[in-house]
Number of protein chains: 2
Amino acid sequence: MDVIDRLARNLRRLRQLKGWSQEEFAFRAEIHRTYISDLERGARNPTITVVSRLATALQVPIGDLLD
Amino acid sequence: MDVIDRLARNLRRLRQLKGWSQEEFAFRAEIHRTYISDLERGARNPTITVVSRLATALQVPIGDLLD
DNA sequence: TTGTGACTTCAAGTCCGTT
DNA sequence: CAACGGACTTGAAGTCACA
């Protein structure tokens, strides 16, 4: 499993753990809702600045999303 | 300090720890020589697939480069 | 509430070189 | 050996309408 799929699974898992919809997550991370959808399906290859915003919104270290 | 600067410092530190030139690092990570130079100077915002290749070459978890 | 195709803008990433 | 510039191609960022 590559890093894009690991990110996808971690995002969905951690978001649901918070009880957030994709829309609420998107708002908190300041990222478009449909982009979150793409990321959770492993359909994008984001830059580290995007991943950093996601990690901040989820309140986890970046490594928790990618390792 | 943002994630790009943290990556820059970690890359240079870990590469030098291995005793590699930028060119040798580039070869091992299958990334262009000039791009490594850019990354170590914090001048680029790489995708996670690139960071993954860098981490693999350095034999460290991705989190060690970004957290 | 989420998935998806389509789209534009701009940066990621490569390759040539010189300092 | 590393910094840096210019020119280039590819692909990410960001958004929308609609299923």
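Here is how names work: the chains are called A, B, and so on, in the same order as the sequence lines, proteins then strands, and each is numbered from 1.
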Legend entry - A:Arg28 side-chain N/O to A:Ala57 backbone N/O, donor-acceptor pair under 3.5 Å: no

Inset, instruction - Report yes if a donor N or O on one partner sits less than 3.5 Å from an acceptor N or O on the other, where the partners are the side chain of B:Thr34 and the base of C:dC16; otherwise report no. - result: no

Inset, instruction - Could you say whether B:Trp20 or A:Thr49 is positioned toward the 5' end of DNA chain D, judged by the nucleotide with the nearest heavy atom to each? - result: B:Trp20

Inset, instruction - Tell me whether the OP1 or OP2 atom of C:dT14 has a side-chain N or O from B:Tyr35 closer than 4.0 Å. - result: no

Inset, instruction - Take the protein atom CG of A:Leu11 and the nucleotide atom P of C:dG3, then report the distance between them rounded to whole Å. - result: 12 Å

Inset, instruction - Using modelled atom types only, decide if a donor and an acceptor are shared between the side chain of A:Arg53 and the backbone of A:Ile31 within a distance under 3.5 Å. - result: no

Legend entry - A:Arg44 or B:Thr47, whichever maps to the more 5' nucleotide of DNA chain C: A:Arg44

Legend entry - Ionic contact status for B:Glu40 with B:Arg9, cut-off 4.0 Å: no

Legend entry - Whole angstrom value for the distance that separates C1' of C:dT2 from CD of A:Glu40: 9 Å

Legend entry - Spacing between B:Glu23 atom CD and D:dA2 atom P, to the nearest angstrom: 9 Å

Inset, instruction - Output yes when at least one side-chain N/O atom of A:Arg12 is less than 4.0 Å from OP1 or OP2 of C:dG3, else no. - result: yes

Inset, instruction - Would you state whether a donor and an acceptor, one from the side chain of A:Arg33 and one from the base of C:dG3, lie under 3.5 Å apart? - result: yes

Inset, instruction - Consider the side chain of B:Pro46, meaning its heavy atoms from C-beta on, and name the nucleotide among C:dG13, D:dA3, D:dC1 that approaches it most closely. - result: C:dG13

Legend entry - Distance test, side-chain N/O of B:Asn45 to OP1/OP2 of C:dA11, below 4.0 Å: no

Inset, instruction - Have a look at A:Ser37 and say if it touches a base, only the backbone sugar-phosphate, or nothing, with a 4.0 Å heavy-atom cut-off. - result: base

Legend entry - Presence of A:Arg41 side-chain N/O under 4.0 Å of C:dT4 phosphate oxygens OP1/OP2: yes

Legend entry - Polar side-chain atom of B:Arg6 near backbone of B:Met1 as donor-acceptor pair, under 3.5 Å: yes

Inset, instruction - Select base, sugar-phosphate, or nothing to describe what A:Asp38 touches, counting heavy atoms under 4.0 Å on all strands. - result: base

